[in-house]
2 protein chains.
Amino acid sequence: MVVAARRRPGRPRAGEVSVDRLELLASAERLIRREGPRVSLEAIAAEAGVTKPIVYHHIGGKDAVVQGLARRLNDRQGEVSRRAVAGVEDPAEAIRAFVDGYLEQLETDRNLYLYVTGASPGSGDVLALADRSATGLARLLVEIRGHDGNAPASAIAWAYGIIGMLHFVSLWWLRDADRTHAELAEQLTELLWTGLRGEGGDRT
Amino acid sequence: MVVAARRRPGRPRAGEVSVDRLELLASAERLIRREGPRVSLEAIAAEAGVTKPIVYHHIGGKDAVVQGLARRLNDRQGEVSRRAVAGVEDPAEAIRAFVDGYLEQLETDRNLYLYVTGASPGSGDVLALADRSATGLARLLVEIRGHDGNAPASAIAWAYGIIGMLHFVSLWWLRDADRTHAELAEQLTELLWTGLRGEGGDRT
DNA sequence: ATGATTAATATACCGCAGGTAGATTAAGTC
DNA sequence: GACTTAATCTACCTGCGGTATATTAATCAT
């Protein structure tokens, strides 16, 4: 394991650049990708060539690190999904593309995803990182559906529900992967689009 | 805080009853209900009037305790939901009753639920306790839907998805409760039953 | 009876991870 | 050049999960 050379204590000399928040997050991400989701703050600091207090100074506690990584992950995943959906007309097909993009990205960000979602020291930590996605998704839901008249109240509930659904399916799929992301996306889309009622619906 | 009198070290005298697995779990549940989801194993042991190693002897590590409590919680919640659904003909109404029962039970088991779901030391722990529910639900899905021909493969994915959905919505609802469980059940049922497609569906 | 074995317990410790206080070095400033 | 300030490291504290070992008493073999 190649550890970056540690600095001397004390203020760095004039020319030396100091680490910043961004660099720390990038280091954390690199380490997690390489070593898996069970890395300590100390290891993260070491990966950046600094020590724990620096992480606290620039970012904050572990929760803040998780938050920061979650944000990057969210943004990247949002970007992928947005690109996948772009130009797709049929809404069901759009959902399929969205989910498929989500799952495909998940495979490459696997460790990062596990770190971010698996790090719940207290309790309501998993939610904190779902909040951003949820509000965004809720907006989208209101937009595309109008939500049957007057109730955007249900949109936020739906958003959390959908995110939870994707999350759990993701964890399960990452653990015992027994199908391709394309297959899984297809299956999830069916549930999301037509619901448990199925294709039949009101036709009878 | 009334702490049960600790025993003397050594084998208990002839008449004295010894704690068993069931009693330990009951104590843990009682403590969590009273003190919230952030209780240590040591506190759980103390609540039962014993010490940590006893918990390890009778149950196992923390994971085992969580598992045990999760099982009780699952069973109770399953019971409530089963009773709520009994005799309901309309499938959509059955779903609504199921979800409503789930949410109502959640309010009384709040702390326990948070303890069980929030305790993820490593990573894939949340899944472990979802597994039982998921396989059961998957069976149910295959049963009531036949799953459109030949694919029970998607049933398990749907099951994890639905459980994840309920889970996330539950966490969110427990945190910022802004509606009644009846309202939320109604909204979730709409999503689960008709899907994002909505009532319209194939009618056009 | 009495010594050896076994069951059931408590005490005391280990290691790790998150978090923090205080020492350390050098740059800026008057 | 002395003083303040910035940025860093070292060293520690705490809480928790987990375990090794001592302690007590019942049980069993002789």
Side-chain angles (χ1 to χ4, degrees), chain A residues 3-24 27-28 31-32 35-69 115-116 118-123 125, chain B residues 3-24 27-28 31-32 35-69 115-116 118-123 125:
Chain A
V3 179
R6 227 174 329 179
R7 298 158 183 274
R8 294 192 313 289
R11 184 167 186 164
R13 316 234 169 150
E16 300 183 47
V17 288
S18 187
V19 288
D20 60 349
R21 186 190 147 88
L22 204 81
E23 199 173 331
L24 282 175
S27 289
L31 180 67
I32 291 167
E35 301 283 338
R38 311 177 100 150
V39 297
S40 68
L41 270 194
E42 198 139 23
I44 289 177
E47 172 76 16
V50 294
T51 52
K52 260 193 299 178
I54 305 302
V55 178
Y56 281 81
H57 181 63
H58 282 305
I59 305 189
K62 177 170 188 174
D63 292 4
V65 173
V66 171
Q67 202 84 4
L69 291 177
Y115 179 83
V116 161
S120 49
S123 52
D125 216 16
Chain B
V3 179
R6 226 173 330 177
R7 298 157 183 273
R8 296 192 310 290
R11 183 166 187 164
R13 317 236 167 148
E16 301 183 48
V17 288
S18 188
V19 288
D20 60 348
R21 187 190 145 88
L22 204 80
E23 199 174 331
L24 282 174
S27 288
L31 180 67
I32 291 168
E35 302 282 338
R38 309 177 103 153
V39 296
S40 67
L41 269 195
E42 197 140 23
I44 289 176
E47 172 76 15
V50 294
T51 52
K52 258 193 300 179
I54 305 302
V55 178
Y56 280 80
H57 181 63
H58 283 302
I59 305 189
K62 178 170 187 173
D63 292 5
V65 173
V66 171
Q67 202 84 4
L69 291 178
Y115 179 83
V116 161
S120 48
S123 52
D125 215 16

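Only a predicted model underlies this, so the values are computations on that prediction, with no experimental measurement involved. Lettering follows sequence order; numbering is per chain, from 1.
Picking from dC9(D), dG17(D), dT11(C) the nucleotide with the shortest atom distance to the side chain of Lys52(B) gives dG17(D). Of the candidate nucleotides dT9(C), dG19(C), dG17(D), dG17(D) has the atom nearest to the side chain of Leu41(B). The side chain of Tyr56(A) lies closest to dG19(C), out of dG19(C), dG17(D), dT8(D). Comparing dA20(D), dT8(D), dT20(C) by their nearest atom to the side chain of His58(A) picks out dT8(D). Closest to the side chain of Thr51(A), out of dC9(D), dT11(C), dT8(D), is dC9(D).
Contact record, Val65(A) with Ile44(A): CG1-CD1, 4.5 Å, taken as the closest heavy-atom pair. Nearest heavy atom pair, residue Ala45(B) against residue Lys52(B), reads CB-N, 3.7 Å. Of all the heavy atoms in His58(A) and Leu24(A), the pair that sits closest is CB-CD1, 3.6 Å.
Rounding to whole angstrom units, CD1 of residue Ile54(B) and P of dT23(D) are separated by 17 Å. For the pair Ile44(B) CD1 and dG15(D) P, the computed distance is 17 Å after rounding to whole Å. Regarding Lys62(B), its NZ atom lies at a distance of 15 Å from the C1' atom of dC16(C), rounded to whole Å. Spacing between atom CZ of Arg21(B) and atom C1' of dA8(C) amounts to 18 Å, rounded to whole angstrom units. Rounded to a whole Å, the CD atom of Glu42(A) is 12 Å from the P atom of dA11(D).
Contact between the side-chain N/O atoms of His57(A) and the OP1/OP2 oxygens of dA6(D) is not found at any separation under 4.0 Å.
Rounded to the nearest 0.5 angstrom, Ile59(B) CD1 and Leu22(B) CG are separated by 9.0 Å.
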